[in-house]
Amino acid sequence: MAVSTGKATAAGGPARGRSDRRGRRRERPGPLRRSLGTHWYAWAMVAPVIAVMLVLIGWPLARGVYLSLTDATEANIGRTIGVNVIPATYEFVGLENYVRILTSAVFWDKLVWTVIWTVVCVALHYGIGLGLAVMLNRRMRFRSVYRVLLILPWAVPAFVAAFIWRYLYNSDYGVINGFLKLAGLDGVGWLDDPTTAKIAVIAVNVWLGVPFMMVALLGGLQSIPADLYEAAEVDGASAWQRFRAITLPGLRQVSTTVVLLGTIWTFNMFPIIFLVTRGGPGSETEILVTYAFREAFTGIRDYSGSAAWGVIILVMLVVLAVGYRRTLRNQGDPW
Amino acid sequence: MRRLLPSAAAVAACVLVVSACGGGGGAPAAPPAQVSDPSKVSGEVTWWDTTRPDSEGPTFQALIKEFEAKYPQVKVKYVNVPSDQAQNQFQTAAQAGTGAPDVIRSEVAWTSQFASLGYLQPLDGSRAVDQAEDFLPGPLSSTKYDGKTYAVPQVTDTLALIYNKRLLKEAGHEEPPRTIAELKQTALDVKAKTDAEGLALNVDAYFLLPFMYGEGGDLLDVTSKKIVVNSPANVKAMETVVDLMSSGAAPKPAITDSYANAMTALKEGKVAMIYNGPWALSEIYQGKEFQDKANLGIAPVPAGSVKAAAPTGGWNLAIYAGSKNIPAAYEFVRFMTTAEAQAKIAKEISLLPTRTSAYSNPDVQGNADVAVFKPIMDTAVPRPWIPEGGQLFQPLLEGYQGLVNGKLTPAPMLQKVEEDYRAIMKDWS
């Protein structure tokens, strides 16, 4: 079905043969009509989905973009509640919100930290996940027990994990500092110093994100035929050569997907930052999404400003995803 | 099951009342505003309470039972919302028009904000407000916005110095410190002579205010619409705070979970003094150091070079303008803010009444904590009750955190706070 609709879209572009339409159509239907005639069932089946998508995604997105071009806040958006009638007084202000955000130092500060956070987290996710996957792909005793244990962090809801870690990091009563003190060392204010707080949130996110990478890569590993390894061994390839020549290319499909997914997730990983440090100390660990949330939800809410933040973040991620895919395609990846 | 029983009782009561009135029959329902007999008001009132569910909640639930007994046709749905989330959740629900409660326990600083956004029912001349002249002026001022009344003061509070008498005695101090200089000395003595620390600071903007007021500083000058946070008085106040930390009088506080850590340290006798308000008392008494309540001392916040003063806090009851049960909500608010209800709250959980008359109630006078807090309340400073009030704390908090981890010094910190305030209060000078 997907294939047929694809064709239909491709063919349904510019209507050709403007002159003598009626005559031509009787002899030979136009490409759009022909495609509709042949694939009408596909269109009929896709139509409800498209309608729902438009309602669920298209409408809020369009509304968000529209709001980002106004000066709407909680105070001027207009409403009637019981005896209180407040007229809508917000206005269209064009790109003012975007200019304000993109010219503020805080945006670029947060962007730099968000990029560092994303790159470090995804690199560690992928690296550790791959290592664990390779280990668990071997034959060993209690393999399934290890797999279950390593998947556990993924099963813990993010907010529960955040609270547990926040407690572990507590400077006076936390478990980590408890061990440090037992060892005769001074406790560290893990979440109180910008540098250690950044390390701390990255550690939590890595702990949470590795299981997914591990499972995905393990699946990838198991799809690589074992005879490739046998053949390589016969040819006298070392373990490292086998890893580079068979494992990595074999994982390529899976890797590209999970790295892109991981990047988008980590870029928008709201709960860890928000619940572990509240963006503190100061606003040092605040990433773009948490900062946008704070802008939007403290005091009198700034709908237009937060919508503009949302659109900027969305655009950045779309550009990233498109660029990433294009690079892969240029390298001959069929994805 | 525990929730079911009272509602079953309420239903039974309703049935009884209805059958008792059955004989009269046929009288048209009066418009809600002119209910002649308030006990005939009916409906379901959802109340968002923001107290601590374990230590304070039961007292309020007992009051609700009394209310339901007095108003048998009104059912109260009690919902406990954590105080740090209630503001946000109420704004979301009120704006969306669904899910907002009929009555909310609104912090004094939120009231004007909610009112300015049109979420609250104006209460002037309604049954919700009973004898307005009886309320203390500080808390009462927080219920007004634009000349109208939007809430009724429920409890009031302020900050005080809360201390462990045993530790102070061991350090050679019978009396609590009266000034910042004495505070520093007492704390250092505690640190030197006992195995506890002196003063636990709570890294929270609200807890900076006593230091600022003490030097004659403030955040805003409301009458002349000026931002005055970056004043020499406030610089001096911040220097005092830094000095308390660097001298060792106060151990370097945690920034994350600061409040909880300070409270735990006090409850376990690891620190001798903290700044906190009456809302913390029922929790403090659960600590092992204060099984004997007499060991807890409460004193006014130590004075700076100008005066001793702490901010007025507290909670109001406000009614959502979109409520379907406004007459019942009026009665509920009225009932919960009577002198008797306030006396019960004061007696059981030491929260301070907002009515002058409640302080002459023997139950209130019998509560030692209230007796200590009352004179402190008289010197408390009302904050600027403006819709933006809630936004003033985040910049101050970030600055305070910078002071604690040594990234900022007082003067640049206040300069940064001032810049942030200018972005919030655009038409102020």
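Heavy atoms only: backbone and side chains are in, while hydrogens, waters and symmetry mates are out. These numbers come from a predicted model, not from an experiment. Residue numbering restarts at 1 for every chain, and letters A, B, ... go by the order of the sequence lines.
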A.B. asks: CZ of A:F270: more than 12 outside heavy atoms within 6.0 angstrom?
C.D. replies: yes
A.B. asks: Are the side chain of B:Y320 and the backbone N or O of A:I81 linked by a donor-acceptor pair below 3.5 Å?
C.D. replies: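 Here the side-chain-to-backbone pair does not exist.
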A.B. asks: Taking all non-hydrogen atoms of both residues, which atom of A:I300 and which atom of B:Q391 are closest, and how far apart?
C.D. replies: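 Closest heavy-atom pair between A:I300 and B:Q391: N-OE1, 3.9 Å.
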A.B. asks: Short question: side chain of A:R79, backbone of B:L117 - any donor-acceptor pair under 3.5 Å?
C.D. replies: yes
A.B. asks: Count the heavy atoms belonging to other residues, nucleotides or ligands that lie under 6.0 Å from CH2 of B:W47, then report whether that count exceeds 12.
C.D. replies: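 Counting other residues, nucleotides and ligands, CH2 of B:W47 exceeds 12 neighbours.
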A.B. asks: Are more than 12 heavy atoms, taken from residues, nucleotides or ligands other than B:K324, located less than 6.0 Å from that residue's NZ atom?
C.D. replies: no
A.B. asks: Determine the option with the most heavy-atom pairs under 4.5 angstrom with chain A, choosing from B:I424, B:D257, B:T264.
C.D. replies: B:D257
A.B. asks: What part of B:A260 gets closer than 4.5 Å to chain A, counting heavy atoms only: side chain, backbone, both or neither?
C.D. replies: neither
A.B. asks: Got more than 12 heavy atoms from elsewhere within 6.0 Å of NZ, B:K191?
C.D. replies: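 No - once you tally the heavy atoms of other residues, nucleotides and ligands closer than 6.0 Å, there are 12 at most.
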A.B. asks: Kindly give the heavy-atom pair with the smallest separation between A:I86 and B:S116, and that separation in Å.
C.D. replies: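 Closest approach of A:I86 to B:S116, heavy atoms only: CD1-O, 4.3 Å.
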A.B. asks: Begin from the C-alpha positions of A:E284 and B:K407 and carry the test side-chain contact (heavy atoms from CB on, under 4.5 Å) through to its verdict.
C.D. replies: CA-CA 11 Å; A:E284 294 283 343; B:K407 306 276 176 210; 5.9 Å; no
A.B. asks: Mark yes when over 12 heavy atoms from residues, nucleotides or ligands other than B:E283 sit less than 6.0 Å from its CD; otherwise mark no.
C.D. replies: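 For B:E283, atom CD is crowded (more than 12 foreign heavy atoms under 6.0 Å).
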A.B. asks: Any side-chain to backbone donor/acceptor pair from B:N405 onto A:D192? Under 3.5 Å, distance only.
C.D. replies: yes
A.B. asks: Could you check A:E74 against B:Y119 for side chain to side chain donor-acceptor pair (under 3.5 Å), going step by step and ending with a plain yes or no?
C.D. replies: CA-CA 11 Å; A:E74 197 177 9; B:Y119 296 155; 2.5 Å; yes
A.B. asks: Is the number of heavy atoms from other residues, nucleotides or ligands within 6.0 Å of CG (B:D84) greater than 12?
C.D. replies: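 More than 12 within 6.0 Å, yes.
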A.B. asks: At a 4.5 Å cut-off on heavy atoms, which part of B:K270 comes close to chain A: side chain, backbone, both, or neither?
C.D. replies: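 When you check distances to chain A, only side chain atoms of B:K270 fall under 4.5 Å.
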A.B. asks: Test your reading of the model: is there a side-chain donor-acceptor pair from B:Q401 to the backbone of A:P281, 3.5 Å cut-off?
C.D. replies: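 Side chain of B:Q401 to backbone of A:P281, a donor-acceptor pair under 3.5 Å: no, none is there.
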A.B. asks: Of the backbone (N, CA, C, O) and the side chain (C-beta and beyond), which part of B:L120 lies under 4.5 Å from a heavy atom of chain A, both, or neither?
C.D. replies: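 Only the backbone of B:L120 comes within 4.5 Å of chain A.
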A.B. asks: Passes side-chain contact (heavy atoms from CB on, under 4.5 Å), B:T256 versus A:Y169? Steps please.
C.D. replies: CA-CA 9 Å; B:T256 312; A:Y169 283 133; over 6 Å; no
A.B. asks: Give, as side chain, backbone, both or neither, the part of A:V85 having an atom under 4.5 angstrom from any heavy atom of chain B.
C.D. replies: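 Neither the backbone nor the side chain of A:V85 comes within 4.5 Å of chain B.
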A.B. asks: Tell me, side chain or backbone of B:Q91 under 4.5 Å from chain A's heavy atoms, or both, or neither?
C.D. replies: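 Its backbone and side chain both get close to chain A.
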A.B. asks: Give a yes or no answer on whether the side chain of A:D172 reaches the backbone of B:N261 with a donor-acceptor pair at less than 3.5 Å.
C.D. replies: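 A pair under 3.5 Å: no.
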A.B. asks: I'd like to know if B:E398 pairs up with A:R278 as an ion pair, taking the criterion as any Lys NZ or Arg NE/NH1/NH2 lying under 4.0 Å from an Asp or Glu carboxylate oxygen.
C.D. replies: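 No.
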A.B. asks: State whether a side-chain donor-acceptor pair under 3.5 Å links B:T92 with A:R301.
C.D. replies: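 There is such a pair between these side chains.
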A.B. asks: Heavy-atom cut-off 4.5 Å, strictly under: side chain, backbone, both or neither for B:Q113 against chain A?
C.D. replies: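 Contact with chain A is through the side chain of B:Q113 alone.
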A.B. asks: Tell me, side chain or backbone of B:P251 under 4.5 Å from chain A's heavy atoms, or both, or neither?
C.D. replies: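 Interface part for B:P251: neither.
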A.B. asks: Distance from A:Y173 atom OH to B:E268 atom CD, nearest 0.5 Å?
C.D. replies: 5.5 Å
